[in-house]
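A quick note: this is a predicted structure, and the numbers were derived from the prediction, not measured. In what follows, every chain begins at residue 1, and chains take the letters A, B, ... in the order their sequences are listed.
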Number of protein chains: 2
Amino acid sequence: MASEATARQKALEDAIELEHFLPYRLSRLTNTVSNAIAELYRDSFGLSIPDWRVLAVLARFPDSSAQDLVTRTRMDKVAVSRSVARLVERELVNRSIDSNDRRLSRLSLSDGGVEVYRRIVPMARDCEARLLESLSAKQRQALDDVLMALQAAADELTATS
Amino acid sequence: MASEATARQKALEDAIELEHFLPYRLSRLTNTVSNAIAELYRDSFGLSIPDWRVLAVLARFPDSSAQDLVTRTRMDKVAVSRSVARLVERELVNRSIDSNDRRLSRLSLSDGGVEVYRRIVPMARDCEARLLESLSAKQRQALDDVLMALQAAADELTATS
DNA sequence: GCGGTATAGTTTCATTTGTAACCATCTTGA
DNA sequence: TCAAGATGGTTACAAATGAAACTATACCGC
């Protein structure tokens with residue numbers, strides 16, 4: 001009885017203050033940001049975030065294969081496949097087959113895709129700018145370093161387990 | 001023709017380097033971390049991340065109502081409802097009805113819930129520690145500040161739109 | 001060349017998640 | 001006191017997501 005009460009007490013003393021728990025804070029921040037952005041893309045162009053990511057990578061790396069997209073975005077290959085299908089359907093992306101390896105798609109933005117991309121970029125930049133405005137120059141640099149280090153550590157996490 | 005080529009050129013010059021785009025980096029980091037943690041909780045205790053969050057909040061704030069959980073975690077109320085249902089089903093959480101307002105649930109960890117919680121806490125802490133290990137003391141402080149500022153800015157984002 | 005294996009990409013199906021409708025209870029104000 | 005909201009919570013349905021199976025092509029060793 002007393003020991004049960006003690007155990008319970010100990011649990012509470014050890015209690016994680018969720019609001020200071022890094023993974024939780026990260027997740028909350030990301031959700032807030034992602035939802036804001038998702039709304040933007042969806043309302044303006046009917047694009048989901050995965051769609052937008054594919055678009056953005058193709059803008060930078062034309063003639064990527066689906067596999068290239070997977071590697072670059074770290075999205076699931078099914079997600080990539082679906083986004084590409086949607087974008088091709090909407091004629092924002094052109095798909096052709098690699099002449100050397102018929103398994104590979106060659107994906108690029110169509111003119112329409114480039115146009116959509118050009119119109120989204122300022123919105124994306126604006127969104128990012130509004131976030132960064134809240135930071136000093138020093139903090140921005142720190143953020144950059146920290147994100148890099150954390151991503152590396154997080155990759156270690158998954159590798160180790 | 002030339003102008004089309006020029007437009008396309010311009011788009012590429014403006015291209016967002018996704019890998020430096022803050023929302024993207026955040027999302028990628030969070031996904032990596034969340035997936036690692038989700039695996040941990042799921043494999044060890046069959047808990048999803050939402051389940052764990054509810055558990056953690058109840059450890060700190062016993063006798064919360066479902067609405068309290070929504071407020072504290074910023075989870076969707078449906079998600080909370082579902083997690084609570086699962087946890088009650090598994091007898092990790094006790095649910096009773098508030099005597100003053102029969103709409104309200106009063107939720108607390110059962111002894112079993114406390115036990116599970118106690119066993120998870122070190123794992124969660126360890127995970128967090130491994131992430132933070134990659135940072136200097138200075139960087140950790142900076143991270144704290146930056147996360148706070150960014151969350152505030154992100155909340156502004158959604159409020160403004 | 002030919003069987004075995006690896007890779008690219010899609011489809012299928014089960015699970016998760018979110019939105020909206022819903023029911024029960026409480027509060028307010030005529 | 002009772003009608004009209006407001007609030008707490010669940011249910012039902014639709015959309016997004018993920019894991020695994022599948023198809024098609026390519027490579028590798030013999």
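- Under the 3.5 Å distance criterion, with hydrogens and angles disregarded, a donor-acceptor pair is assigned to the side chains of B:Q141 and B:D145.
- Between the side chain of B:S64 and the backbone N or O of B:L107 there is no donor-acceptor pair closer than 3.5 Å.
- A side-chain donor-acceptor contact under 3.5 Å links B:D68 and B:S65.
- For A:L104 and D:dT25, the CG to P distance is 12 Å, given to the nearest whole Å.
- The side chain of A:R102 places an N or O atom within less than 4.0 Å of a non-bridging phosphate oxygen (OP1 or OP2) of D:dT25.
- A salt bridge links A:D155 to A:R74: at least one charged side-chain nitrogen sits closer than 4.0 Å to a carboxylate oxygen.
- A salt bridge does not link B:D144 with B:R140: every distance from a Lys NZ or Arg NE/NH1/NH2 to an Asp or Glu carboxylate oxygen is 4.0 Å or more.
- Reading DNA chain C from its 5' end, the first and the last nucleotide to sit under 4.0 Å from a heavy atom of chain B are C:dT17 to C:dC26.
- Regarding B:R95, its CZ atom lies at a distance of 12 Å from the C1' atom of D:dG8, rounded to whole Å.
- One interatomic measurement links the two molecules: CZ of B:R106 to C1' of D:dG9, which rounds to 13 Å at whole-angstrom precision.
- B:R119 forms no cation-pi arrangement with B:F45, by the criterion of a distance under 6.0 Å to the ring centre and an angle within 45° of the ring axis.
- Toward the 5' end of DNA chain D, the nearer of the two residues A:D101 and B:Q67, judged by each one's closest nucleotide, is B:Q67.
- Salt-bridge check for A:R86 with A:E89: failed, with every basic side-chain N at 4.0 Å or more from each acidic carboxylate O.
- Rounding to the nearest 0.5 Å gives a distance of 11.0 Å between CD1 of A:I37 and OG1 of A:T32.
- Classification of the A:W52-A:Y117 ring pair by plane angle, with boundaries at 30° and 60°, yields parallel.
- Put simply, B:V78 and B:L104 are part of two different groups of oily side chains (I, L, V, M, F, W, Y) that touch within less than 4.5 Å, one to the next.
- As judged by a 4.0 angstrom heavy-atom cut-off over every strand, A:N100 is placed among residues touching the sugar-phosphate backbone only.
- At a non-hydrogen distance threshold of 4.0 Å, nothing from residues 26-34 of chain A comes into contact with DNA chain D.
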Per-nt protein contacts along nucleotides 11-21 of chain D (heavy atom under 4.0 Å; B base, S backbone sugar-phosphate only, - none) come out as BB----BBBB-
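- Side-chain polar atoms of B:S48 and B:R82 form no donor-acceptor pair below 3.5 angstrom.
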